[in-house]
Amino acid sequence: LLLSSFTSDNVENEKNKLILELMKSSLKGYHYEPHHFDNNFSEQVFKIYMEKLDYNKRFFLKDDIQKFSEYKYKIDDAVIDEDFNFFQLTKDIYIERVKEINKYIEFALKNPFDFTVDEQLEIDAEKRAYALDKKSMKEFWRKSLKYSVMTKLADKLKIQEDALKDNDSTYTVKSYE
């Protein structure tokens, strides 16, 4: 909601200011635990925002996160000053990364995956770091797609094996070679 509400259009900017003003007054006076706009507030908002924006660490590069971190203790000031630069920056870079990722996916799907190659992919986001560069992000997406195809194929093969084992005459056996 917060990310999608920020645009460069003047009408949208005025709407964003109103939303921000309502949020500030709610947090200060109407929330069951009123918040103070300080560095602690900034740090909490930053952490939650970044987790919600890219929890699985699939969209941003390590450098992007470092760039965003410059705002980690400034969000309180931005809220007070009605400054949307941080949110605009994250939105712009997010859009840029999604476009790049779409190209990576398109490229990866042009050729069949080689399932004979033994590769590793960390699927636990808490154990995985952000990609260091675009090359490593492209490789992550290639491996992620390969993993996705492989798990879907394994599921289909399991269904087929179960149908054969149960002598299910309604199931048509398919070759995946």
Side-chain angles (χ1 to χ4, degrees), residues 1-9 12-13 16 19-20 23 27 35 37-158 176:
L1 173 66
L2 192 57
L3 179 64
S4 65
S5 68
F6 292 95
T7 67
S8 58
D9 185 35
E12 288 295 317
N13 198 27
N16 292 338
I19 291 169
L20 195 56
M23 182 188 76
L27 287 172
H35 290 276
F37 295 103
D38 56 16
N39 287 349
N40 187 42
F41 170 82
S42 291
E43 185 177 21
Q44 288 176 345
V45 169
F46 181 84
K47 182 178 185 279
I48 292 168
Y49 181 72
M50 295 312 300
E51 285 174 358
K52 297 291 182 189
L53 195 57
D54 191 11
Y55 175 75
N56 289 314
K57 300 176 185 170
R58 299 180 314 161
F59 297 102
F60 292 120
L61 301 172
K62 184 178 180 182
D63 286 347
D64 298 334
I65 300 303
Q66 289 174 335
K67 198 178 297 183
F68 301 153
S69 292
E70 294 174 17
Y71 292 89
K72 187 174 188 174
Y73 299 106
K74 297 177 182 177
I75 295 173
D76 58 320
D77 299 323
V79 168
I80 292 166
D81 297 338
E82 298 175 347
D83 175 359
F84 304 110
N85 289 333
F86 169 66
F87 300 106
Q88 189 64 48
L89 175 66
T90 58
K91 176 186 170 191
D92 291 346
I93 292 176
Y94 187 86
I95 290 169
E96 179 183 334
R97 295 289 173 252
V98 168
K99 288 177 183 176
E100 292 167 356
I101 291 164
N102 284 332
K103 289 177 185 175
Y104 301 158
I105 292 170
E106 187 178 311
F107 179 79
L109 294 177
K110 283 185 178 181
N111 299 306
F113 294 109
D114 184 354
F115 295 109
T116 63
V117 176
D118 186 21
E119 296 183 294
Q120 304 247 333
L121 173 67
E122 180 58 66
I123 57 174
D124 184 347
E126 291 184 19
K127 294 179 182 176
R128 186 177 61 248
Y130 286 96
L132 293 176
D133 52 29
K134 291 179 182 183
K135 182 179 177 183
S136 59
M137 180 180 274
K138 183 177 181 179
E139 185 64 6
F140 167 79
W141 277 95
R142 184 194 63 78
K143 288 180 179 180
S144 294
L145 290 168
K146 181 179 176 180
Y147 175 76
S148 181
V149 169
M150 193 168 37
T151 56
K152 286 183 175 143
L153 181 59
D155 291 344
K156 289 184 179 203
L157 288 172
K158 175 73 172 128
Y176 295 103

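Taking the salt bridge (charged side-chain N to carboxylate O under 4.0 Å, His left out) definition, one finds that Lys52 meets it with nothing, sequence neighbours left out. For Lys74, there are no side chain to side chain contact (heavy atoms under 4.5 Å, CB included) partners, not counting sequence neighbours. Qualifying salt bridge (charged side-chain N to carboxylate O under 4.0 Å, His left out) partners for Lys103, counting only residues two or more places apart in sequence or in other chains: none. Taking Asp76 as the reference, nothing meets the salt bridge (charged side-chain N to carboxylate O under 4.0 Å, His left out) condition, with sequence neighbours excluded. Every residue was checked against the salt bridge (charged side-chain N to carboxylate O under 4.0 Å, His left out) condition with Lys127, not counting sequence neighbours, and none meets it.
For the atom pair CD of Gln66 and CZ of Phe60, the computed distance is 14.0 Å after rounding to the nearest 0.5 Å. Atoms CG and CD, from Asn56 and Glu51 in turn, are 11.5 Å apart once rounded to the nearest 0.5 Å. Going from atom CD1 of Ile65 over to atom CG of Leu53 covers 8.0 Å, rounded to the nearest 0.5 Å. Residue Arg97 holds its CZ atom at 13.5 Å from CG of Asn102, rounded to the nearest 0.5 Å.
Heavy-atom contacts from other residues, nucleotides or ligands closer than 6.0 Å to CZ of Phe107 number 12 or fewer.
For the 3.5 Å distance criterion, the side chains of Asp83 and Asn85 qualify, holding a donor opposite an acceptor. Side-chain contact of Asn39 with Ser42: a donor-acceptor pair under 3.5 Å is absent, judged by distance alone.
The minimum heavy-atom distance between Glu100 and Lys134, with the atom names listed, is OE2-NZ, 3.0 Å.
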Under 3.5 Å, which donor-acceptor pairs link side chains of residues 137-151 to any protein atom two or more places apart or in another chain?
| from | atom 1 | to | atom 2 | distance (Å) |
| --- | --- | --- | --- | --- |
| Glu139 | OE1 | Arg142 | NE | 3.1 |
| Glu139 | OE2 | Arg142 | NE | 3.4 |
| Glu139 | OE2 | Arg142 | NH2 | 2.5 |
| Trp141 | NE1 | Arg58 | O | 3.0 |
| Arg142 | NH1 | Glu119 | OE1 | 3.4 |
| Arg142 | NH2 | Glu119 | OE1 | 3.4 |
| Arg142 | NH2 | Glu119 | OE2 | 2.3 |
| Lys143 | NZ | Gln120 | O | 3.2 |
| Ser144 | OG | Phe140 | O | 2.9 |
| Lys146 | NZ | Asp114 | O | 2.7 |
| Lys146 | NZ | Val117 | O | 3.4 |
| Lys146 | NZ | Glu119 | OE1 | 2.7 |
| Thr151 | OG1 | Tyr147 | O | 3.2 |
| Thr151 | OG1 | Ser148 | O | 3.0 |

task = Begin from the C-alpha positions of Tyr49 and Phe87 and carry the test ring pair (Phe, Tyr, Trp, His ring centres under 6.0 Å) through to its verdict.
result = CA-CA 10 Å; Tyr49 181 72; Phe87 300 106; 5.2 Å; yes
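Panel note: side chain Asp64, backbone Leu61; a donor-acceptor pair is recorded below 3.5 Å.
Classified by interplanar angle (parallel below 30°, tilted 30° to 60°, perpendicular above 60°), the ring pair Tyr71/Phe86 is tilted. The aromatic rings of Phe59 and Tyr94 are tilted relative to each other, their planes meeting at an angle between 30° and 60°.
The pair Glu43-Lys47 fails the salt-bridge criterion, with no side-chain N (NZ, NE, NH1 or NH2) lying under 4.0 Å from an Asp/Glu carboxylate O.
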